[in-house]
Amino acid sequence: MNDPLIIAGKNYTSRLLVGTGKYRDFTETRAALDASGAEIVTVAIRRTNLGQNPNEPSLLDAVPPSKFTYLPNTAGCYTADDAVRTLRLARELLDGHSLVKLEVLGDPQSLYPNVIETLAAAKTLVNEGFQVMVYTSDDPIIAKQLEDIGCVAIMPLASLIGSGMGILNPWNLQLILDKVSVPVIVDAGVGTASDAAIAMELGCAGVLMNTAIAGAKNPVLMASAMKQATEAGRSAYLAGRMPKKLYSASPSSPAAGIIAPVRS
Amino acid sequence: MITVYINGAARPLADSCNIAALIAELGYTGKRIALERNGDIVPRSSYAETPLKDGDKLEIVVAVGGG
């Protein structure tokens, strides 16, 4: 079935977006990415290590930007200004590439987004021609405001970054899905395959995860599980689930034609 | 001599040093990096025409694994 994920006018086959952090080495990173089937992969922008041999293997060798769509992030930024500067650097680094992941954090313990700074950064970035996929809280009003500013995807948390606590408030995600027309992608909180499936069954356009794969005992196998769960959840959403019948059973087998009891 | 600050660390350089020369000195020529000078992006195409001044603050970044 042809069911592309469309972000900023571009079609993607995979609805699973993955991060490239926390892997043992670049070989494992690439193997997990391949098993996940992801086309969009997040990367961080960091200072070069001046003491280091400049010819050490780099992420760009293992995960070539010609094969994957890079989504540079602003992880670690706590102000709109730092996030904007980071993404300007990313655009220069990636030859004018404008698809970016904006996240402005509010607190190092929870890594909860600072939505005030996020809104300010989103405005600047959209004005400068960036295509902004934005990490945010699961507040439907903020989500709608970010869409109105011109963000190309709204990416609410399902639970805290790296927590693996799963989809804690499906009702808020539903409120966002009801309000927002651009793709809604669950970003952060997924812990295992069923979490990804639940996000997709709710009607989310995709899921983005890093630690759920990189932090598994077998990251490559988990990447494959996440691929299947994302696809299964999407299919279930499109198929349209049966209505729930609370406290009322309904037999699956015919009620008629049951053999008679021997003794009556 | 001038002093510039690269990724937060002071570095003495020759008076006439431009960004292209600095990049060569650091071994980054041809590498995929991006550079910000005093808060503004310097495009790769302008490295050779951009002289460095005493006290310039440079950020030089690469892409690394992240989520």
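Everything quoted here is computed from the prediction, not taken from an experiment. Just so we're on the same page: letters track the sequence lines, and every chain starts at 1.
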> Quick one, Leu22(B) with Ile6(B), criterion side-chain contact (heavy atoms from CB on, under 4.5 Å). Give me CA distance, side-chain angles, the key distance, then yes/no.
CA-CA 10 Å; Leu22(B) 172 65; Ile6(B) 307 171; 3.8 Å; yes
> Taking 3.5 Å as the threshold, show me the donor-acceptor pairs across chain A and chain B, one per line with distances to 0.1 Å.
| residue | atom | partner | partner atom | Å |
| --- | --- | --- | --- | --- |
| Thr20(A) | N | Gly66(B) | O | 2.8 |
| Thr20(A) | OG1 | Gly66(B) | N | 3.0 |
| Thr20(A) | OG1 | Gly66(B) | O | 3.4 |
| Thr42(A) | OG1 | Gly66(B) | O | 2.9 |
| Ala44(A) | N | Val64(B) | O | 2.8 |
| Ala44(A) | O | Val64(B) | N | 2.8 |
| Arg46(A) | N | Val62(B) | O | 3.0 |
| Arg46(A) | O | Val62(B) | N | 2.8 |
| Arg47(A) | NE | Glu59(B) | OE1 | 2.7 |
| Arg47(A) | NH1 | Asn7(B) | O | 3.2 |
| Arg47(A) | NH2 | Glu59(B) | OE1 | 3.4 |
| Arg47(A) | NH2 | Glu59(B) | OE2 | 2.8 |
| Thr48(A) | N | Ile60(B) | O | 2.8 |
| Thr48(A) | O | Asn7(B) | ND2 | 3.2 |
| Thr48(A) | OG1 | Asn7(B) | ND2 | 3.2 |
| Thr48(A) | OG1 | Tyr28(B) | OH | 3.1 |
| Asn55(A) | OD1 | Lys31(B) | NZ | 2.8 |
| Asn73(A) | ND2 | Gly67(B) | O | 2.3 |
| Arg85(A) | NE | Glu36(B) | OE1 | 3.4 |
| Arg85(A) | NE | Glu36(B) | OE2 | 2.7 |
| Arg85(A) | NH2 | Glu36(B) | OE1 | 2.6 |
| Glu92(A) | O | Arg44(B) | NH2 | 2.6 |
| Glu92(A) | OE2 | Arg44(B) | N | 2.8 |
| Leu93(A) | O | Arg32(B) | NH1 | 3.0 |
| Leu93(A) | O | Arg44(B) | NH2 | 3.3 |
| Asp95(A) | OD1 | Arg44(B) | NH2 | 3.1 |
| Asp95(A) | OD2 | Arg32(B) | NH1 | 3.0 |
| Asp95(A) | OD2 | Arg32(B) | NH2 | 3.4 |
| Asn210(A) | OD1 | Gly67(B) | N | 3.2 |

> Are any of the side-chain heavy atoms of Val182(A) and Cys151(A) separated by less than 4.5 Å?
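Val182(A) does not reach Cys151(A) side chain to side chain.
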> Mind checking which of residues 60-67 of chain B sit less than 4.5 Å from chain A, heavy atom to heavy atom?
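Interface residues of residues 60-67 of chain B: Ile60(B), Val61(B), Val62(B), Ala63(B), Val64(B), Gly65(B), Gly66(B), Gly67(B).
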> With a 4.5 Å cut-off on side-chain heavy atoms, are Gln131(A) and Val100(A) touching?
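Not in contact.
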> One pair to check against side-chain contact (heavy atoms from CB on, under 4.5 Å): Asn114(A) and Tyr78(A). What are the steps and the verdict?
CA-CA 8 Å; Asn114(A) 179 332; Tyr78(A) 286 83; over 6 Å; no
> Measuring from Cys204(A):SG to Ile154(A):CD1, what's the distance to the nearest 0.5 Å?
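Here the rounded value is 12.0 Å.
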> Heavy-atom cut-off 4.5 Å, strictly under: side chain, backbone, both or neither for Leu17(A) against chain B?
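Interface part for Leu17(A): neither.
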> Examine whether an atom of Leu35(B) lies under 4.5 Å from a heavy atom of chain A, and if so say whether it belongs to the side chain, the backbone or both; otherwise answer neither.
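Backbone of Leu35(B) only, per the 4.5 Å heavy-atom cut-off to chain A.
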> What pairs with Glu231(A) under side-chain hydrogen bond (donor to acceptor under 3.5 Å, both in side chains), at least two apart in sequence or on another chain?
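Per chain and number, Glu231(A) pairs via side-chain hydrogen bond (donor to acceptor under 3.5 Å, both in side chains) with Lys227(A).
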> Once rounded to the nearest 0.5 Å, what's the spacing between atom CE of Met155(A) and atom CG of Leu102(A)?
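The CG atom of Leu102(A) is 8.5 Å from CE of Met155(A), to the nearest 0.5 Å.
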> Could you work out, with salt bridge (charged side-chain N to carboxylate O under 4.0 Å, His left out) as the rule, every residue matching Lys123(A), not counting sequence neighbours?
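Expected list: none.
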> Return the option, out of Leu93(A), Ile45(A), Ile161(A), with the maximum number of heavy-atom pairs under 4.5 Å with chain B.
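Top count of heavy-atom pairs under 4.5 Å with chain B: Leu93(A).
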> As an exercise, state the distance from CG of Leu111(A) to CG of Leu157(A), rounded to the nearest 0.5 Å.
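CG of Leu157(A) is found 10.5 Å from CG of Leu111(A).
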> At a 4.5 Å cut-off on heavy atoms, which part of Leu50(A) comes close to chain B: side chain, backbone, both, or neither?
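Both backbone and side chain.
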> Just how far is it from atom CG of Leu125(A) to atom CZ of Phe130(A), taken to the nearest 0.5 Å?
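Between atom CG of Leu125(A) and atom CZ of Phe130(A) there are 5.5 Å.
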> To the nearest 0.5 angstrom, please state how far the OG atom of Ser137(A) sits from the CD1 atom of Ile176(A).
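Result: 7.0 Å between the selected atoms.
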> Under 4.5 Å heavy-atom distance to chain A, tell me which part of Ile33(B) shows up: side chain, backbone, both or neither.
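Looking at Ile33(B), backbone and side chain both touch chain A.
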> Mind checking the CG-CG spacing from Asp138(A) to Leu168(A)? Nearest 0.5 Å is all I need.
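Taking CG in Asp138(A) and CG in Leu168(A), the distance rounds to 9.0 Å.
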